[in-house]
Amino acid sequence: MYGAGIDVGSTQTKCVVLDGNGEIVGRGLRMTGADVVKASEQVLEQACAEAGIETHEIVYTIGTGYGRFRVATGDDQVTEISCHAKGAVHLFPGTRTILDIGGQDTKAIKTNARGEVVDFCMNDKCAAGTGRFLAAAAEVMGLDVSEIGPVALKSTEELKITNVCTVFVESEILNQLSRGRKREDILAGVHRSIAGRSASLLRRVGVEEELTFTGGVARNPGMVAAVERRMKMKVNASEDSQFMGALGAALFALERAMAGVRRKEQEVQG
Ligand code: ADP
């Protein structure tokens, strides 16, 4: 039996396929783009190809993320907040607090040991402190988002980035570059600024260990280090951090598929 979770984010769409034992057997990832339906179909195909199965072998699919209602193959939808909590506690059972930094929003989530949401809060509408802010900094530097974290880790001199606005930070970076400041120091400042905003959000829900970092930005080692330094605690992050919402959705899918099987068995017996 296979279950799938499809997380249609504002920036990237992710899919996880689980086998009946809850093991990840396939993943799919692509930019969401303008065609949300196509993005969700393609990530499912990618994940099934990796799992070595056909899409019709998936018994149940849950859609999550901002585009969850556009997942044509979805049997049901669950919010990304519930899915991140479910996925994070599955991967790191000690998780009680989650920091999710995605392409355009940041969330702080409190969970219990069963992966149920206890409390959460989100950044305001603006992109400050999100992946978009880091992407803007990367663009000005002529780097890919996957390169800025490792560069920031080489910083030797502290430099404060004062702008939190994605538009104004670009000119601040250009200004610092023209003054001869090193790009690693500027980038470290950008990472510290996001860690600071994340810390304020986390304080609003109250931080309880363990803290798990999810979302695409958790793939940035410079960001993981900046959050650890700011929070003065070890942070759980993994290669699958960006798939956490899709993983949670796939776990919900598997639970519902199993419940369906049990119901049918009871009907047959009764
Ligand atoms: P959403 O669900 O909002 O679409 P994600 O959680 O998928 O967002 O995260 C997307 C963000 O993750 C992108 O804006 C990008 O900045 C960042 N990201 C993705 N891959 C990497 C990577 N390899 N290294 C650093 N950052 C990454």
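Order of listing sets the numbers, starting from 1, for every ligand and every atom in it. Just so it is clear, the values below take in all heavy atoms, side chains as well, and ignore hydrogens, waters and symmetry mates.
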S.K.: Quiz question: by atom type and distance under 3.5 Å, do the side chains of Thr106 and Thr130 form a donor-acceptor pair?
M.R.: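 Checked: Thr106/Thr130 side chains show no N/O donor-acceptor pair below 3.5 Å.
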S.K.: Just to confirm my output: which protein heavy-atom neighbour is closest to atom 24 (N) of ligand 1, and how far is it?
M.R.: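 Nearest protein contact, heavy atoms only, for atom 24 (N) of ligand 1 is Ser146 CA, 3.5 Å.
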S.K.: Run the numbers for me: atoms of ligand 1, each under 4.0 Å from some heavy atom of Gly215, listed by number.
M.R.: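 Counting atoms of ligand 1 from 1, those under 4.0 Å from Gly215 are 6 (O).
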S.K.: With a 4.0 Å cut-off on N to O distance, would you call Glu228 and Lys234 a salt bridge?
M.R.: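 Yes, Glu228 and Lys234 are salt-bridged.
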S.K.: Show the atoms of ligand 1 that are less than 4.0 angstrom away from any heavy atom in Gly102.
M.R.: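 Heavy-atom distances to Gly102 below 4.0 Å select 3 (O), 5 (P), 6 (O), 8 (O), 9 (O).
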S.K.: Below 4.0 angstrom from a heavy atom of Gln242, which ligand 1 atoms are there? Numbered from 1 as shown, please.
M.R.: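 By the 4.0 Å cutoff, the relevant atoms are 5 (P), 7 (O), 9 (O), 10 (C), 19 (C).
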S.K.: Among Pro221, Gly67, Gly103, which one puts a heavy atom closest to atom 14 (O) of ligand 1?
M.R.: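 Result: the heavy atom closest to atom 14 (O) of ligand 1 is in Gly103.
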S.K.: For atom 21 (C) of ligand 1, what is the closest protein heavy atom, and at what distance to 0.1 Å?
M.R.: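 Its nearest protein heavy-atom neighbour is Gly216 O, 3.9 Å.
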S.K.: Below 4.0 angstrom from a heavy atom of Ser10, which ligand 1 atoms are there? Numbered from 1 as shown, please.
M.R.: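 Result: 1 (P), 3 (O), 4 (O).
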S.K.: Show me the pairs that pass side-chain hydrogen bond (donor to acceptor under 3.5 Å, both in side chains) and involve residues 199-208, at least two apart or across chains.
M.R.: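 The answer is none; no pair qualifies.
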S.K.: Which protein heavy atom lies closest to atom 25 (C) of ligand 1, and at what distance to 0.1 Å?
M.R.: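 Ranking protein heavy atoms by distance from atom 25 (C) of ligand 1, first comes Val145 O, 3.5 Å.
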S.K.: For a quick test of reading the model, state the closest non-hydrogen atom pair linking Arg181 to Ile186 and the distance between them.
M.R.: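 That closest heavy-atom pairing would be O-CD1, 3.8 Å.
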S.K.: Return each pair, listed once, that meets salt bridge (Lys or Arg N to Asp or Glu O under 4.0 Å) where at least one residue sits in residues 71-95; pairs must be two or more places apart or across chains.
M.R.: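 Checked against salt bridge (Lys or Arg N to Asp or Glu O under 4.0 Å) - neighbours excluded - the pairs reaching residues 71-95 are Arg68-Glu80, Asp76-Arg256, Glu80-Lys107, Lys86-Glu255.
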S.K.: Give me the nearest non-hydrogen protein atom to atom 10 (C) of ligand 1 as residue plus atom name, then the distance to 0.1 Å.
M.R.: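 For atom 10 (C) of ligand 1, the nearest protein heavy atom is Gln12 OE1, 3.5 Å.
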S.K.: Quick test: of every protein heavy atom, which one is nearest to atom 2 (O) of ligand 1, and how far off is it to 0.1 Å?
M.R.: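 Among all protein heavy atoms, the one nearest atom 2 (O) of ligand 1 is Lys14 NZ, 2.8 Å.
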S.K.: Looking at atom 20 (N) of ligand 1, what's its closest protein heavy atom, distance included?
M.R.: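 Checking every protein heavy atom, the shortest distance to atom 20 (N) of ligand 1 gives Arg219 NH1, 3.4 Å.
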S.K.: Is a donor from one side chain sitting under 3.5 angstrom from an acceptor on the other, for Asp144 and Ser146?
M.R.: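 Asp144 vs Ser146: donor-acceptor pair found between side chains.
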